[in-house]
Amino acid sequence: MASQFVQSLIDTAQDILAGGIATWRTEGLLAWPTLYLGLALWSSYVSSLVFYRLVLSPLAGIPGPKIAAITWWYEIYYDVWLGGQYFRKIDAMHKKYGPIVRINPDEVHFNDPDFIEPLFPGPGRKTDKSVLTGRRTGTPNSLAGTVDHDLHRKRRNTINGFFSSASIRRLEPIMRQEMGRLLQRMEDAGKEEKVLRFHFVLKAAACDIITQYAFGQSFHFLDEEDFASPYIEATDAFHFFNHAMCHFPIVGTLLALAPDWAIKTFIPGLTEMWNKKTMWIDEVEKIRSSPNPDRIKSTIFEGVLSSKLPDEAQLVVFAGQGTTAYTLSAAIYQLLANPEEFDKVKAELVAALPDPREIPSYSQVEQLRYFQAAIQETLRLHPGVVSRLPRVSPTEPIVYTNKRNGRTYVIPPGTATSMTTQIAHTNEEVFEDPLAFRPQRWIDNPRLDRAFIRFARGTRNCIGMNFARQELSIVLATIVRKYDRYRGQKGPTLELYDTVRERDIDVVRDMIIPFPAAGSDGLRLRVRN
Ligand code: HEM
């Protein structure tokens with residue numbers, strides 16, 4: 001019976017083949033048999049791939065939705081089509097499947113504070129970056145995009161000194177100058193009790209600070225009437241390409257190769273950013289070819305190769321502007337929305353800085369306990385980088401034991417493993433009432449730090465960490481020292497204007513840096529003198 005069935009299958013296949021060959025002979029290759037053959041080959045390829053990914057792959061036993069294990073299109077749907085929504089889906093996966101989940105065919109994501117160290121190791125173990133990071137940021141030739149561990153170490157060493165504590169001392173006079181300008185602009189707005197879109201104000205300040213520090217020349221955005229909002233909107237628009245560049249490399253290649261006129265004609269939203277990009281690369285080339293060795297020593301690009309310059313320059317400007325400005329917006333919002341917290345921070349600043357117009361040095365505010373706890377709590381809830389942080393162990397397997405059920409998983413070398421700050425920082429097992437803004441939790445329990453990855457960890461952590469801490473502290477202290485929260489009284493005050501946390505402050509979209517809801521105006525403040 002069975003052999004008859006097999007024989008009839010073979011006969012049918014032979015008939016189809018004979019019919020196909022006859023058709024090809026009479027009608028040529030552009031005929032129905034070619035289409036059928038193509039479909040047959042394609043479906044056997046797809047079914048073998050599905051079988052491999054679900055059954056044979058070394059990641060097959062890792063919990064997670066089958067659809068995510070089968071195809072990248074699941075992630076693409078959430079990140080490219082819905083616009084930066086996969087981080088929420090990953091959070092939901094952890095709630096359903098536990099601390100280890102397979103989030104796409106080739107990547108495993110963790111939500112376990114005890115597994116941070118093994119995932120982000122120090123120099124004792126090699127750590128490659130996933131190729132996707134460089135593609136996603138649009139800067140594959142930058143430090144952050146460098147895949148290979150050894151190459152990364154070499155490149156990082158060339159600019160390490162520039163971000164060292166000693167070098168960061170150069171930041172203070174820059175901060176003083178820029179804060180003077182910021183206070184002046186706020187005072188001007190206060191004369192007419194204007195509402196400022198503070199998102200732009202803080203980004204303008206952050207851009208001026210980082211460009212002065214890195215290029216030796218500020219953009220002077222704080223001097224512009226509209227706080228250079230067209231440029232800032234253009235950099236925001238660039239972030240909308242992040243996920244598409246990651247999944248469809250052709251998008252990044254086209255953006256990188258397109259002549260300026262094409263960008264300006266077809267994607268006018270990017271024009272302002274492209275103008276500045278050309279300008280800063282020209283400037284840095286001028287500095288590098290300067291006969292005065294001190295000029296180059298005062299810029300970040302002393303050790304950077306010309307060919308890598310555009311990417312490195314873009315990375316530093318982007319990393320230095322979007323991250324700190326976002327965290328600062330969130331800090332000001334949280335303090336104004338939580339009057340008791342504002343009053344505690346203010347009292348501490350008043351005691352430490354007698355003159356309300358004083359622009360503090362870092363050493364004056366570095367040790368203020370409650371003030372620093374408020375910054376820490378803001379970095380927890382609003383960390384500045386929301387995109388997941390993939391790492392690849394090139395030679396050693398990653399071994400993970402799930403404490404809940406005792407199961408051990410061996411992830412082979414070469415696999416991307418990742419964590420996401422936003423998810424780690426709102427883990428209910430570590431942070432009680434995780435969405436509440438409570439600086440006191442850091443004072444009550446400094447051990448919470450073990451679950452904190454706001455600047456990542458290990459060899460690939462944030463090189464601008466000291467810079468960011470200093471900038472966050474000085475800007476926030478300067479503003480809160482001078483301005484009080486508005487309660488109907490006279491004197492310099494700030495009042496939230498139509499700002500809703502869920503819409504305007506919380507991360508709603510992951511564009512590497514956090515983005516609020518579409519159409520949001522971000523933090524808006526009414527300023528009074
Ligand atoms: C609130 C402020 C900031 C936060 C939360 C933050 C966070 C991070 C994180 C999580 C990474 C690792 C990214 C990855 O794994 O792909 C990173 C890398 C990096 N950050 Fe920051 N950052 C901040 C401010 C800054 C500033 C102000 C600068 C420059 C002045 C900077 C420069 C960089 C650079 C160059 C890298 C790449 C380092 C490498 O790959 O070796 N960051 N940052």
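In each ligand, atom 1 is the first atom listed, and ligand 1 is the first ligand listed. Computation of the quantities below employed the complete heavy-atom set of this structure, encompassing side-chain atoms and omitting hydrogens, waters and symmetry-equivalent molecules.
Between His152 and ligand 1 there is a heavy-atom distance shorter than 4.0 Å. In this structure, Lys129 is part of the shell of residues with a heavy atom less than 4.0 angstrom from ligand 1. In this structure, Tyr213 falls outside the shell of residues with a heavy atom less than 4.0 angstrom from ligand 1. Not a single heavy atom of Ile159 sits less than 4.0 Å from an atom of ligand 1.
Each of the atoms 2 (C), 24 (C) of ligand 1 lies under 4.0 Å from some heavy atom of Ala468. Atoms of ligand 1 lying under 4.0 Å from any heavy atom of Val385, numbered from 1 in the order shown and given with element: 6 (C), 7 (C), 8 (C). Residue Arg454 approaches ligand 1 through these ligand atoms, each under 4.0 Å from one of its heavy atoms: 5 (C), 7 (C), 10 (C).
His425 places a side-chain N or O within 3.5 Å of a backbone atom of Ile453 that can act as its donor or acceptor partner. Looking only at distances, a side-chain donor or acceptor of Ser218 sits under 3.5 Å from a matching main-chain atom of His220.
Within the 4.0 Å heavy-atom criterion, the part of Phe163 lying near ligand 1 is the side chain and not the backbone. Contacts between Pro383 and ligand 1, counted as non-hydrogen atom pairs separated by less than 4.0 Å, involve the backbone only. When heavy-atom distances to ligand 1 are checked against a 4.0 Å cut-off, Arg391 comes that close only through its side chain, counted from C-beta outward.
The closest non-hydrogen atom to atom 1 (C) of ligand 1, taken over Thr133, Thr327, Ile463, comes from Thr327. With distances taken over non-hydrogen atoms, the option nearest atom 17 (C) of ligand 1 out of Cys462, Gly458, Pro514 is Cys462. Closest heavy-atom approach to atom 30 (C) of ligand 1 within the set Val386, Leu379, Ile210, Ile209: this belongs to Ile210.
The ring-ring contact (aromatic ring centres under 6.0 Å, His included) test applied to Phe120 returns no partner, not counting sequence neighbours. Glu117 pairs by the side-chain contact (heavy atoms from CB on, under 4.5 Å) definition with Arg457, not counting sequence neighbours.
Partner of Glu75 under the salt bridge (Lys or Arg N to Asp or Glu O under 4.0 Å) criterion, out of Lys89, Arg102, Arg136: Arg136 alone.
Between atom CZ of residue Phe162 and atom OH of residue Tyr213 there is a gap of 5.0 Å, rounded to the nearest 0.5 Å. For the atom pair Phe371 CZ and Ser473 OG, the distance stands at 5.0 Å (nearest 0.5 Å).
Nearest heavy-atom pair across Ala477 and Leu349 is CB-CD2, 3.8 Å.
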Problem set entry | Chi angles and distances behind the side-chain contact (heavy atoms from CB on, under 4.5 Å) call for Arg388, His109 | CA-CA 9 Å; Arg388 61 183 194 262; His109 192 276; 4.1 Å; yes

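At least one N or O atom of Arg156, backbone or side chain, sits closer than 3.5 Å to an N or O atom of ligand 1. Residue Thr324 has no nitrogen or oxygen atom sitting less than 3.5 Å from a nitrogen or oxygen atom of ligand 1, judged on distance alone.
Note: Trp73 and Phe248 have tilted aromatic rings, judged against thresholds of 30 and 60 degrees for the angle between ring planes.
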